[in-house]
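Sequence lines set the chain letters: A, B, ... in the order given, protein chains first and strands last, and positions in each chain run from 1.
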Amino acid sequence: MSGRSTFYVTTPIYYVNDVPHIGHAYATLACDVMARFKRLDGYDVHFLTGTDEHGQKVEKAAAAAGLTPQAFTDKVSQSFRDLLGAMNFSPDGFIRTTEKRHYAACQALWDKLVAAGDIYLGKYAGWYSVRDEAFYADSETEVGTDGKRRAGPVGNEVEWVEEPSYFFKLSTWGDRLLEFYDKNPRFIAPETRRNEVISFVKGGLQDLSVSRTSFSWGVPVPGDPKHIMYVWLDALTNYITECGYPDIKNPLWRFWPADLHIVGKDIIRFHCVFWPAFLMAAGVAPPQRVFASGWWTTEGQKISKSLGNAIDPIAVAAEFGLDPVRYFLLREVPFGNDGDFQRRALIGRLNADLANAYGNLCQRVLSIVAKNCEGKIPPKGTLIDADAMLLGRAKGLLAIVRADIEEQAFHRALASIWEVIADANRYVDAQAPWALAKTDPARRDTVLWVLAESIRRVTLLVQPFMPGSAGKMLDQLAVPAESRAFTAFDSELAAGTLLPKPQGVFPRFVEPTAAAG
RNA sequence: GGGCCCGUAGUUCAGUGGUUAGAACGAGCCGCUCAUAACGGUUAUGUCGCAGGUUCGAAUCCUGCCGGGCCUACCA
């Protein structure tokens with residue numbers, strides 16, 4: 001036991017019926033920044049991602065591809081693994097719902113729910129459209145002039161279908177859920193999602209059908225293997241499977257309850273209503289917080305398969321560099337809002353914030369040091385008010401960023417960091433170290449030290465967002481690997497440390513001119 | 001139909017009762033020259049969606065309307 005505080009963050013597990021796109025990269029990126037920040041801040045971190053591999057759609061997609069479901073999911077799951085390396089994500093675990101340990105966890109949870117009296121065998125009946133492969137509520141159907149009952153977006157014919165099904169007594173959980181939301185105001189974010197969920201629960205809950213007999217690709221219900229568990233009960237359980245459930249002696253069990261589930265806004269209900277109800281029913285603590293991220297559009301248009309305008313995060317990173325894309329995604333849009341992915345805006349951020357403000361600040365400071373101080377960190381000397389002012393801003397940044405990270409306000413954290421970068425650029429101009437080089441070398445040294453030290457602090461905080469680039473920047477300041485965690489935030493650069501030759505980290509992006517000939 | 005959120009400079013947004021409504025990007029002008037033609041200073045632009053109301057005072061609260069988005073359960 002380390003005694004350190006734990007921090008457990010998860011992505012949604014990704015459904016293997018889709019190839020990775022910007023939405024997957026975005027949610028995982030947010031988790032990655034959380035995980036990296038918390039690791040640097042001294043926490044014992046576990047960051048989980050993975051793939052959701054069961055369900056009728058997968059079974060059919062596999063058949064269409066001429067593969068067994070297992071072979072099919074092996075293949076698609078791998079494409080999600082490949083995204084991790086390409087985006088420099090740092091998960092500690094990767095779970096697949098087809099793993100044995102997951103079957104064991106799901107079945108153990110099921111047994112608990114049965115023992116608690118929250119699951120019963122009933123009949124699932126409703127209007128079913130064979131075309132849509134979906135059930136419709138009575139109110140969603142209409143009897144046409146031809147006497148046939150229809151439903152759905154295109155009005156396909158429906159028929160009355162009944163099948164045996166196990167039900168979870170969700171209807172009895174409304175009050176306990178509302179009480180839980182009330183006592184845990186941070187449980188659902190952002191606020192608008194919290195309101196939606198609460199109003200949904202207040203509207204009354206119905207029992208939830210949690211098994212299917214119409215297909216077989218899933219986790220069998222214990223003692224009644226004709227039934228397959230409802231995919232969401234199966235999928236949600238992954239978060240505790242990882243921690244060893246039901247074996248609470250498992251060392252990873254120390255991470256439960258999760259500190260943060262980051263999810264897309266489309267699956268907020270499953271995480272904020274069903275999931276805490278299942279867990280409370282089974283006597284397991286619910287997670288502490290669920291944050292719903294928004295959707296990306298591209299150049300003002302919805303992303304859709306028919307338009308073929310999906311954003312491939314790996315291709316974008318190949319063109320602009322990985323870290324600029326990571327920065328853009330989290331800086332451009334307040335986390336939780338929908339965002340529009342505009343090429344022009346990305347280039348604007350890359351050039352204005354990264355190349356001009358931050359990259360050039362480092363470059364101008366380091367090149368003066370290289371030319372005037374024998375390439376070594378100069379002595380600190382005596383500080384004047386202007387020096388203390390800039391250093392104070394840089395010092396204060398850790399507390400500000402930490403608070404923003406706690407709220408998943410990544411855009412605000414970055415804005416605060418960049419304010420100090422702007423301060424530093426103003427300071428360079430005001431102090432004009434290139435002029436001091438001729439008149440007052442000691443003062444010049446102090447100015448350069450203050451700048452290098454401010455850049456060090458800023459860059460320590462940039463690490464979670466742009467780990468590769470921040471690493472290069474810290475290399476240039478000769479900050480050793482063991483001095484890059486936040487425990488070293490309040491240490492200072494030591495005079496006399498030899499620096500490597502300065503090198504640009506964020507080149508400006510220049511739009512390639514139309515090919516000549 | 002019911003519910004939630006939003007509508008503020010060319011653009012993205014901040015500002016949730018109190019002096020002449022702010023920032024960034026973009027644009028113009030000036031300065032600097034260490035630096036990735038980067039940096040700094042400065043100027044300009046808004047009937048704060050519309051109309052009423054509450055208040056000594058409203059972008060900020062209330063009502064209505066207009067416009068946009070989302071939720072309204074069992075395909076993930």
* Can you check the A/Arg349 CZ to B/rG26 P distance for me, whole Å? -> 10 Å
* Strictly by modelled atom types, are A/Ser209 and A/Ser165 linked by a side-chain donor-acceptor pair under 3.5 Å? -> yes
* To do: Check whether the side chains of A/Asp74 and A/Gln70 place a donor and an acceptor atom closer than 3.5 Å, and report yes or no.
  => yes
* **Spacing of the C1' atoms in B/rA23 and B/rG52 (rounded, Å)** => 33 Å
* To do: Between B/rA73 and B/rU11, how far apart are the P atoms? Round to whole Å, please.
  => 37 Å
* To do: Using only heavy-atom distances, determine whether the side chains of A/Ser171 and A/Asp207 contain a donor-acceptor pair under 3.5 Å.
  => yes
* Asked: When we call it a touch if two heavy atoms are under 4.0 Å apart, what does A/Arg193 touch: a base, just sugar-phosphate, or nothing?
  -> sugar-phosphate
* Asked: 5'-most contact on RNA chain B: A/Ser199 or A/Val231, nearest heavy atom basis?
  -> A/Ser199
* Under 4.0 angstrom, heavy atoms only, what part of the nucleic acid is A/Phe506 near: base, sugar-phosphate, or nothing? -> base
* What integer number of Å spans the C1' atoms of B/rC30 and B/rG53? -> 50 Å
* To do: Look at the side chain of A/Asn360 against the base of B/rA35 and say whether a donor-acceptor pair falls under 3.5 Å; ignore hydrogens and angles.
  => yes
* **Counterpart base for B/rU42, defined by Watson-Crick or G-U wobble contacts under 3.5 Å** => B/rG28
* Flag the pair A/Gln408 / A/Leu330 as yes when at least one side-chain heavy-atom distance between them is below 4.5 Å, and no otherwise. => no
* Euclidean distance, atom CG of residue A/Leu414 to atom P of B/rA23 [Å, nearest integer] -> 21 Å
* Euclidean distance for C1', B/rC48 against B/rG15 (whole angstrom) -> 10 Å
* Determine: side-chain N/O of A/Lys371 to OP1/OP2 of B/rA35, distance under 4.0 Å, yes or no. => yes
* For A/Ser209, report the nucleic acid contact type (base, sugar-phosphate, nothing); a contact means any heavy atom under 4.0 Å. => base
* To do: Identify whether any heavy atom of A/Ile267 sits under 4.0 Å from a base atom; if not, whether one sits that close to sugar-phosphate; answer base, sugar-phosphate or nothing.
  => sugar-phosphate
* Using a 4.0 Å heavy-atom cut-off across all strands, classify A/Tyr124 as base, sugar-phosphate, or nothing. => base
* Asked: Please give, in whole Å, the distance from B/rA73 P to A/Arg269 CZ?
  -> 6 Å
* Asked: Does A/Glu319 come within less than 4.0 Å of A/Arg343, counting only side-chain N to carboxylate O?
  -> yes
* Could you please name the partner base of B/rA35, counting Watson-Crick and G-U wobble pairs only when both distances are under 3.5 Å? => none
* Tell me whether the OP1 or OP2 atom of B/rA38 has a side-chain N or O from A/Arg508 closer than 4.0 Å. => yes
* Quick one: label A/Ala235 by what it contacts on the DNA or RNA (base, sugar-phosphate, nothing), any heavy atom closer than 4.0 Å. => nothing
* Asked: Which atoms form the tightest heavy-atom contact between A/Gln431 and A/Leu436, and what is the distance?
  -> O-CD1, 3.3 Å
* Touch check for A/Arg212, heavy atoms < 4.0 angstrom, all strands: base, sugar-phosphate only, or nothing? -> sugar-phosphate
* Give one of base, sugar-phosphate or nothing for A/Gly264, where a contact means two heavy atoms less than 4.0 Å apart. => nothing
* Base, sugar-phosphate, or nothing: which does A/Leu205 touch, judged by heavy atoms less than 4.0 Å apart? -> base
* Searching all strands shown, indicate the nucleotide that pairs with B/rC61 (Watson-Crick or G-U wobble; both distances under 3.5 Å). => B/rG53
* Looking at A/Asn195, does any N or O in its side chain come under 4.0 Å of the phosphate oxygens OP1/OP2 on B/rC5? -> yes
* Pairing partner of B/rC4 (Watson-Crick or G-U wobble, both distances under 3.5 Å) -> B/rG69
* What does A/Val201 touch in the nucleic acid at a heavy-atom separation under 4.0 angstrom: a base, only the sugar-phosphate, or nothing? -> nothing
* Under 4.0 Å between any heavy atoms, over every strand shown, what does A/Leu170 touch: base, sugar-phosphate, or nothing? Just pick one. => base
* Asked: Which nucleotide sits closest to the side chain of A/Gln363: B/rC34, B/rC71, B/rU36?
  -> B/rU36
* Asked: Is it true that A/Asp387 and A/Arg443 have a side-chain N and a carboxylate O under 4.0 angstrom from each other?
  -> yes
* Asked: Contact class for A/Gly348 (heavy atom, under 4.0 Å): base, sugar-phosphate, or nothing?
  -> nothing
* **Base partner of B/rG17, which must satisfy Watson-Crick or wobble distances under 3.5 Å** => none
